[in-house]
Amino acid sequence: MPTHTMRSLIQTNAFIDGHWIPTDDRFPVTNPANGDTLADVANGDAALAERAVEAAHKALPLWRAKTAKQRADLLRRWYQSMMDNKQALGELMSAEQGKPIAEAIGEVEYGASFVDWFAGEAERNYGDILPVSSADKRSWIIKQPVGVCAAITPWNFPNAMITRKVAPALAAGCTIVVKPPQLTPLSALALAQLASEVGIPDGVINFVPTTHSREVGEVFKQHPRVRKFTFTGSTAVGKKLMEQCAGTMKKVSLELGGNAPFIVFDDADIDVAVKELIACKFRNAGQTCISANRVLVQESIHDAFIEKLESALNGIKVAPGDAEDVDYGPLIDADAISKVTELIEDATAAGAQIKTGGRVLSELGELFYSPTLVTKVKHTMRIAQEEIFGPVIAVQTFTDEAQGVQLANDTPFGLAGYFCAQDYARIQRVSEQLECGMLGINTGSISHAYNAFGGVKESGIGREGSRYGLAEYQETKNITLGGLA
Ligand code: SIN
């Protein structure tokens, strides 16, 4: 049963030690579909960030001391409250982020599933008994919470990118401070409200909304009480954050940028490839780190593939997120539109061809961009080297399997990768050769709380979700007991 409407979930102040803390300075949160202001939110500063860290530090001993079952029970109550209120949370997310309401509700379910999964992982938190190394000694390993954690989360998934950091932290027995994205803080603050209502103790979760990202981030990165830092965002920022965390040797996990290849081999089922590419590419209007960025199609099937893809693109509906049956809504802001426009201009100037789309849908608003298909893309073009983060499919060709794999791996990034093929030997070979943390074969949908989300190379370190996600918030302690002879 829902306990909230969208209105009753709108909180506009920082959440620290179980209290809503106002600030004189405020910043507007707007709806990208129409530019309307949804709320004026407290603008946190370094002092507020310090206060949040102190609250998390104060709450740590009691939270850490709870049994696994007690922590799991509270996480399950939070999960249930998110599920009960998924409609209201989805509407709020759609309003501040732009994604269709149905997709936003899907994200709330996805976000809640991490809370449910990590409630279970709290209860599966085993250590190890080690082999006997000497007759008078016994050794074993226990897993302990790392301590106070700090998280900086992105705007593209305003709910799930928070829960998949906060839930494992809490499951492990840690407390946490979060800087939610300045473009979508309302979804984050709504999560705080629900957490508080279900009885998660004061100080265990704290949120500092802000436009002063650098100032608040400095506190998180440099504070000696913060023992773990986690970030989802660009590789360029991730590298700097990692450097700054070295000063106090924090445990770090980073989910960074990608440049996912989507390879269509000559033995692929073309209908499956088209359907899965569209699902992968247009999720969140292409504003997804694991979105297919480079579509590599084997030359011999290129024309047949493009023909089917072009006709499928005609069926995509672009509209504000609260419209009926909408596939995707506006991009997040004017910078996102400029980036997409620039990449397409750069590509076409160097010989690429726009088959369909390639324009701002100004009849809908300034931030709506058409479903776009660009062919004759070359590996050296910016559109193939940088994250597009928009509804643009950029197609290159390759001659044989070896060249397809070589092109796919020729990038400093390694978050997700995808390929479509049917030959089982090829499936085995290519899955071992591709350099990425996550691989989808004959599917463009690979996200799930049970799966290990994370990248290799410059796409980051650490994993979120899965049983590996809990370990990111734990220390391993080896204990040896002597004098047993
Ligand atoms: C992301 O874009 O960073 C997250 C996507 C996902 O979890 O599926």
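In what follows, residues are counted from 1 in the order of the sequence shown. Counting convention: from 1, in listed order, for ligands and their atoms alike. Small disclaimer: the values here were computed from a predicted structure and weren't measured. The basis for the numbers below is simple: all heavy atoms, side chains too, and nothing from hydrogens, waters or symmetry mates.
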Ligand 1 to Met161, heavy atom cutoff 4.0 Å, flagged ligand atoms 3 (O), 4 (C), 7 (O)

Taking only non-hydrogen atoms of Arg283 and a 4.0 Å limit, the atoms of ligand 1 in range are 5 (C), 6 (C), 8 (O)

Check residues 110-121 and write down every donor-acceptor pair under 3.5 Å in which the side-chain atom is one partner and the other belongs to a residue at least two apart or another chain.
unit_1 : atom_1 : unit_2 : atom_2 : d
Tyr110 : OH     : Arg164 : NH1    : 3.1
Ser113 : OG     : Tyr110 : O      : 2.6
Trp117 : NE1    : Ser466 : O      : 3.2
Glu121 : OE2    : Arg124 : NE     : 2.6
Glu121 : OE2    : Arg124 : NH2    : 2.8

Taking atom types as modelled and ignoring hydrogens, do the side chains of Thr230 and Lys165 form a donor-acceptor contact shorter than 3.5 angstrom? yes

- Message: Contact between His4 and Glu197 at the side-chain level, heavy atoms closer than 4.5 Å - yes or no?
- Response: yes

Within the 4.0 Å heavy-atom cut-off, what Asn156 brings close to ligand 1 is side chain

Next on the checklist: Using a plain distance cutoff, I'd like to know if Cys289 has any nitrogen or oxygen under 3.5 Å from a nitrogen or oxygen of ligand 1.
Outcome noted: yes

The protein heavy atom nearest to atom 8 (O) of ligand 1 is Ser447 OG, 2.4 Å

A student checking ligand 1 against Ile290 at a 4.0 Å heavy-atom cut-off should list atoms 8 (O)

Atom 7 (O) of ligand 1 sits nearest the protein heavy atom Tyr110 OH, 2.6 Å

Below 4.0 Å from ligand 1: does a non-hydrogen atom of Gln287 turn up there or not?
no

Does the distance from a Lys or Arg side-chain N to an Asp or Glu carboxylate O, for Lys143 and Glu475, drop under 4.0 Å? no

* Are a donor atom and an acceptor atom from the side chains of Asn293 and Asn259 found within less than 3.5 Å of each other? -> yes

- Do ligand 1 and Arg164 have nitrogen or oxygen atoms that lie under 3.5 Å from each other? yes

Residues 177-188 vs side chain to side chain donor-acceptor pair (under 3.5 Å), sequence neighbours excluded, gives Glu96-Ser187

Atoms of ligand 1 under 4.0 Å from any heavy atom of Thr288, numbered from 1 in the order shown, are 2 (O), 5 (C)

The salt bridge (Lys or Arg N to Asp or Glu O under 4.0 Å) partner of Glu472 among Lys228, Arg467, Lys251, Lys250 is Lys228

